[in-house]
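So the structure is just underneath, and the comments pick up after that.
So that the names make sense, note that chain A is the first sequence line, chain B the second, and so on, each numbered from 1. The figures that follow rest on heavy atoms only: side chains count, while hydrogens, waters and symmetry mates do not.
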Amino acid sequence: MSSTRTTPGATPAGGPGTAAAPAPGGPAATPAVEVRGVVRRFGAVTALDGIDLVIERGELVSLIGPSGCGKSTLLRVVADLVEPTEGEVRVGGKSAHRARLDQDYGIAFQAAGLLEWRTVAGNVELPLQLHGVGRAARRERARELLDLVGLADFARHRPSQLSGGMQQRVAIARALAERPSLLLMDEPFGALDEMTRERLQAELLAVRAATGCTVVFVTHSVPEAVFLSDRVVVMSARPGRVAAVVPVRLGTAERDDAVRATPAFAASVVQVRAALRATEAPR
Amino acid sequence: MNGRWRRAGVVALTVVGLLAAWEGYKAVGPVDGASLGGVRLLPRADDRSMPHVGEVLGALARPEVDAPGSRTVGVAVLTGVLSTLRLALLGGVLGSAVGLALAVLMQRLRLLEAGLLPWVVLSQTVPIIAIAPLITGWGGAVRLGPWAWTPQASVVVIAAFLAFSPVAVGALRGLQSAAPAAVELFRSYAVPWRSQLLHLRLPAARPYLVPALRLAGAQAVVGAIVAEISTGTRGGIGRLVIEYAQQATSSPARVYAAILGAAALGLLVAGLVGLVGAREDRRAAAAVEVAA
Ligand SMILES: Nc1ncnc2c1ncn2[C@@H]1O[C@H](COP(=O)(O)OP(=O)(O)O)[C@@H](O)[C@H]1O
Ligand SMILES: [Mg+2]
């Protein structure tokens, strides 16, 4: 863990203003995430069993499935927080480990995980500070990001002074701090009420449009998966496998709440539900 | 703001209450005490066993020995208190530093925690009386250039020995209190362990550290006084209690004057540590207010 420091300048591009298209300079053929034959066992439990999944750059892919099917484990394998027992993971053409050292991804999990002794702005600045970004640049970036998630007025507040939805917004801003090309999110809106949830979903799409980053999004809500995703990956439990991949075609234009009322949306929801039901083996 | 005055009021009332109880028992208690079959049930209330409060205070103003130019008992007690305070603080700081370092090591190496923590806890059951001569003996062999081991050094080491354990245990709990989600976040940042300690674990440990330091302060005072007594170190309040106790037949009030000094020393250290904790308490109170 001694050679792990990375210069922020080395972080790949993909900041605001970058188009959602594949980076023109980079090898356009390299997917954002490649998971090949990944198996992960915890003792006798096989959490993941032969997962194959390729996610293209700029894509938003949801993982959905019954509780315990290995969604979180898969996300952590991609993040290099859990080692696969078998198989290989590549992130942007690099090993998952290299990608972590290079800070190619940002994470936001269900528990916002904000540090209570830091202000909201201090929490957003955390990864920048840890990676040696100067104070002025840090301040500027935090201001920018809090603007993006609509919390500019709360920069000096403590996390506990914020509602759950606001805390989750801070966590997203923090995940975006180093302009990652990949965003990994594990049920980030799982603990929020329906209204807040739908608002944050729309905000996430706006953030993604602004940054062009790839998003892998774990959820257990079918409408959420459909609203957000280009593809929904349906997983089955015991052992965790990819049961189906449902493409969502709601038009490439930016989605707004009106989409939720369209027949195409309803059709996708039905499709994902059916795939989910099929994973519950008849016994 | 209100709370501080209320707390001062409670302390003052307690002191008055204690004095009243003392004088009250002296007024109504049996002069020769009370025994039943050789077992003493009530203490003697005579002037030698329980001098009047006024007499104890009066003793402070009287000269220590019957010679011209002798310092007063009050000055002797004050000098002793300050001397012991210095040793207790040195021991408290040293013990806290060792305790914190041990906690960090134990947090870092699980194996070390399993091997060390039971001993850290057990160390508190070792009677000081037993280890005091050992430490003095080992210390006597230590010589660092021009500096030779002093009895005061033994007192500091013993005070530190009593202070380190609560800090080690409290700090370890605090370091381990960091939320798993936050630990995972730091892992995703791929930063060295030192950054995790500095920016996550130590800040998370702060609320645990304050009560641990309070306990360490109290332990260091007790440790310093008992160490002075059991090593026979001169100059401190511990030794003074013993010296005055030997003169109890001629001037019983003096013993209580010295004990008063020891109690004042304890309050002084508690106050000093309290200053450290006050900031944290205000922080916690603010957080609670916000949450409510
Ligand atoms: N660190 C771990 N140790 C042991 N078992 C684990 C661990 N993480 C996950 N598992 C097991 O792996 C399976 C998948 O868990 P998880 O990926 O959290 O599922 P999901 O996120 O889909 O609910 C579960 O059976 C869980 O108990
Ligand atoms: Mg999960």
If we define contacts as heavy-atom pairs under 4.5 Å, which of B:Ala204, B:Pro180, B:Ala182 has the most with chain A?
B:Ala204
Between B:Leu198 and chain A, with a heavy-atom cut-off of 4.5 Å, which part of the residue counts as in contact: side chain, backbone, both or neither?
neither
Tell me whether B:Arg206 forms a cation-pi arrangement with A:Trp117, defined as NZ or CZ under 6.0 Å from the six-membered ring centre and within 45 degrees of its axis.
no
Measure from NZ or CZ of B:Arg201 to the centre of the six-membered ring of B:Phe186 and say whether it is under 6.0 Å with the direction within 45° of the ring axis.
no
With sequence neighbours left out, what residues match A:Glu140 under side chain to side chain contact (heavy atoms under 4.5 Å, CB included)?
A:Arg143, A:Glu144
Is it true that A:Arg141 and A:Glu178 have a side-chain N and a carboxylate O under 4.0 angstrom from each other?
no
Cut-off 4.5 Å, heavy atoms of chain B, and the answer for A:Leu81 is both
